[in-house]
Amino acid sequence: MQRKILIMGLPGAGKTTLARALTPRLSAVHFNADEVRQNVNKDLGFSPQDRIEQARRMGWLSDQVVKAGGYAVADFICPTPEARAAFVEGGDAFVVWVDRIKRGAFEDTNQLFVPPERSDIRVGPEGTVEYWREQVALHVRPVFDPKKPTALFIGRYQPFHDGHKTLILEGLKRVGQVCIAVRNTSGIDADNPLPFTEVRARIEHALRAHEGQFDVVQLPNISHVFYGRDVGYVVERIELDQATEAISGRDQRRRAAAPEKR
């Protein structure tokens with residue numbers, strides 16, 4: 001899943017229109033080149049070197065949003081291979097080339113512009129902005145497909161910790177998507193303090209980089225799992241490294257508990 005999105009193309013091609021439609025769809029942060037120049041990069045002009053530096057800074061801003069777990073949408077011409085390389089210095093990007101016009105309003109930009117050798121989506125003259133918004137969203141924000149092969153994990157997750165996360169990621173690597181089934185044990189004793197809503201929120205936050213590859217559901221307090229012959233699925237224990245296996249939910253709960261009064 002790619003959270004850093006570059007929408008590039010000639011001036012007047014519709015980059016900003018698409019970016020403004022896509023931004024709320026992804027709850028993203030939008031970096032528009034003109035606005036960044038006016039408010040941040042006032043020292044830069046439009047020489048080839050300044051355009052490269054503008055691209056590098058736009059990429060850096062986008063990277064900070066991605067590091068915080070968000071989506072970043074940057075829309076600017078990004079006219080040369082060198083500028084595109086500068087944009088992805090700190091991390092790769094999903095590239096949308098808005099190729100709806102043959103020439104822009106500025107002749108110096110037309111002469112400088114080199115069509116990209118690679119783009120993830122090429123937006124042609126056909127189709128509405130809503131259509132292309134959904135095409136990009138489907139690629140960068142996948143939706144959990146209940147009909148695809150899925151690994152099932154059953155647990156209390158009181159709380160969800162790094163050991164659980166490592167286990168889930170191994171399941172994702174092996175199968176492609178997972179269903180995390182949370183046993184409804186909230187409040188039955190001191191070892192089960194968290195309600196399902198909080199457990200689910202912690203899981204979703206910990207796995208936010210894998211959005212669309214997992215689903216969190218609530219189960220009754222399952223105490224036994226039985227199966228008959230030819231059930232059509234594999235029951236397997238994933239063994240992790242010793243340090244990860246040693247992570248304790250009880251220890252996590254103790255550390256999170258309120259301090260004792262003196």
Side-chain angles (χ1 to χ4, degrees), residues 1-9 13-41 51 53-79 83-100 116 118-124 127-146 148 160 165 168-169 172-173 176-178 180 200-216:
M1 186 172 63
Q2 189 58 261
R3 291 175 175 268
K4 180 180 178 182
I5 303 161
L6 168 62
I7 301 180
M8 56 152 295
K15 303 181 299 299
T16 302
T17 300
L18 177 57
R20 287 176 177 165
L22 181 64
T23 296
R25 176 72 170 78
L26 300 178
S27 298
V29 176
H30 175 203
F31 296 109
N32 170 264
D34 292 337
E35 294 173 353
V36 171
R37 281 182 177 276
Q38 290 170 8
N39 294 283
V40 183
N41 294 342
R51 289 176 187 267
E53 179 60 17
Q54 165 84 344
R56 189 192 67 78
R57 295 182 190 181
M58 293 278 283
W60 185 88
L61 289 169
S62 300
D63 291 334
Q64 306 319 300
V65 173
V66 172
K67 287 176 183 177
Y71 284 87
V73 176
D75 89 86
F76 65 116
I77 299 167
C78 210
R84 289 162 215 147
F87 181 77
V88 298
E89 251 181 31
D92 199 11
F94 186 90
V95 179
V96 180
W97 177 21
V98 184
D99 185 26
R100 298 173 76 96
R118 177 193 74 85
S119 61
D120 297 288
I121 288 183
R122 182 174 178 177
V123 177
T128 64
V129 65
E130 292 80 11
Y131 169 80
W132 290 111
R133 174 195 66 197
E134 293 307 312
Q135 292 303 303
V136 177
L138 285 172
H139 280 80
V140 301
R141 195 171 200 170
V143 178
F144 184 86
D145 185 349
K148 285 185 177 180
F160 190 80
K165 181 178 178 178
I168 299 301
L169 294 181
L172 279 174
K173 185 170 72 173
Q177 68 177 27
V178 301
I180 305 166
R200 179 178 60 194
R202 292 185 182 209
I203 293 172
E204 290 175 345
H205 177 73
L207 299 177
R208 62 192 182 280
H210 304 277
E211 183 181 2
Q213 294 179 280
F214 68 93
D215 191 22
V216 182

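Nothing fancy with the numbering, it's 1 onward along the sequence. Note: hydrogens, waters and symmetry copies are ignored here, and every other heavy atom, side chains too, is used.
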For this session: Hey, could you give me the OG/NZ distance between Ser62 and Lys67, rounded to the nearest 0.5 Å?
Result: 11.5 Å
Problem set entry | Closest contact, heavy atoms only, Ala55 versus Cys78 | CB-SG, 4.5 Å
Seminar exercise, completed: Looking only at heavy atoms, the pair that brings Gln213 and Gly176 closest together is NE2-O, 3.5 Å
Exercise. Can the ring centroids of Phe87 and Phe76 be said to lie less than 6.0 angstrom from one another?
Worked result: yes
Exercise. After noting the C-alpha distance and the side-chain angles of Lys15 and Ile77, does the key distance pass the side chain to side chain contact (heavy atoms under 4.5 Å, CB included) rule?
Worked result: CA-CA 8 Å; Lys15 303 181 299 299; Ile77 299 167; 4.3 Å; yes
For this session: Could you tell me whether Asp92 and Lys4 have a side-chain N and a carboxylate O separated by less than 4.0 Å?
Result: no
For this session: Compare every heavy atom of Val129 with every heavy atom of Ala21, then report the nearest pair and how far apart it is.
Result: CB-CG2, 3.9 Å
For this session: Locate the shortest heavy-atom distance separating Trp132 from Gly124; write the atom from each residue and the value.
Result: CZ2-N, 3.7 Å
For this session: For residues Val96 and Met8, determine if any side-chain heavy atom of one lies less than 4.5 Å from a side-chain heavy atom of the other.
Result: no
For this session: May I ask you to say whether Arg208 pairs ionically with Glu204, meaning some side-chain N is under 4.0 Å from a carboxylate O?
Result: no
For this session: Show your working on side chain to side chain contact (heavy atoms under 4.5 Å, CB included) between Glu35 and Val40 and close with a plain yes or no.
Result: CA-CA 8 Å; Glu35 294 173 353; Val40 183; over 6 Å; no
For this session: Please tell me if the side chains of Ile7 and Val98 come closer than 4.5 Å, counting only heavy atoms from C-beta onward.
Result: yes
Problem set entry | Any donor-acceptor N/O pair, Glu89 side chain to Ala85 backbone, under 3.5 Å | no
For this session: May I ask you to decide if Pro79's main-chain N or O and Arg84's side chain share a donor-acceptor pair within less than 3.5 Å?
Result: yes
For this session: Using a strict 4.0 Å threshold on nitrogen-to-oxygen distance, state whether Glu211 and Arg3 make a salt bridge.
Result: yes
Problem set entry | Point-to-point distance, once rounded to the nearest 0.5 Å, from CD1 of Ile180 to CG of Asp215 | 8.5 Å
For this session: Begin from the C-alpha positions of Ile203 and Leu207 and carry the test side chain to side chain contact (heavy atoms under 4.5 Å, CB included) through to its verdict.
Result: CA-CA 6 Å; Ile203 293 172; Leu207 299 177; 3.9 Å; yes
For this session: First locate atom CD of Gln54, then atom CG of Asn41, and finally report the distance between them rounded to the nearest 0.5 Å.
Result: 4.5 Å
Problem set entry | Atom pair CZ (Arg202) and CZ (Phe160), whose distance is rounded to the nearest 0.5 Å | 11.5 Å
Exercise. Closest approach of Val140 and Tyr71, non-hydrogen atoms and distance?
Worked result: O-OH, 3.2 Å
Seminar exercise, completed: Exactly one of Thr23, Leu22, Leu26, Leu138 clears side chain to side chain contact (heavy atoms under 4.5 Å, CB included) with Arg133, and that residue is Leu22
For this session: Taking atom types as modelled, find out whether Asp120 and His139 have a side-chain donor-acceptor pair closer than 3.5 angstrom.
Result: no
For this session: Find the distance between CZ (Phe94) and CG (Leu6) and round it off to the nearest 0.5 Å.
Result: 11.0 Å
For this session: For the pair Leu18 and Asp75, evaluate side chain to side chain contact (heavy atoms under 4.5 Å, CB included) and give the outcome as yes or no after the intermediate values.
Result: CA-CA 9 Å; Leu18 177 57; Asp75 89 86; over 6 Å; no
Exercise. Under a 4.5 Å cut-off applied to non-hydrogen side-chain atoms, are Val36 and Arg57 in contact?
Worked result: no
Seminar exercise, completed: Rounded to the nearest 0.5 Å, the CD atom of Gln177 sits from the CG atom of Leu172 at a distance of 8.5 Å
Exercise. If every non-hydrogen atom of His30 is compared with every non-hydrogen atom of Ala19, which pair is closest and at what distance?
Worked result: NE2-CB, 3.5 Å
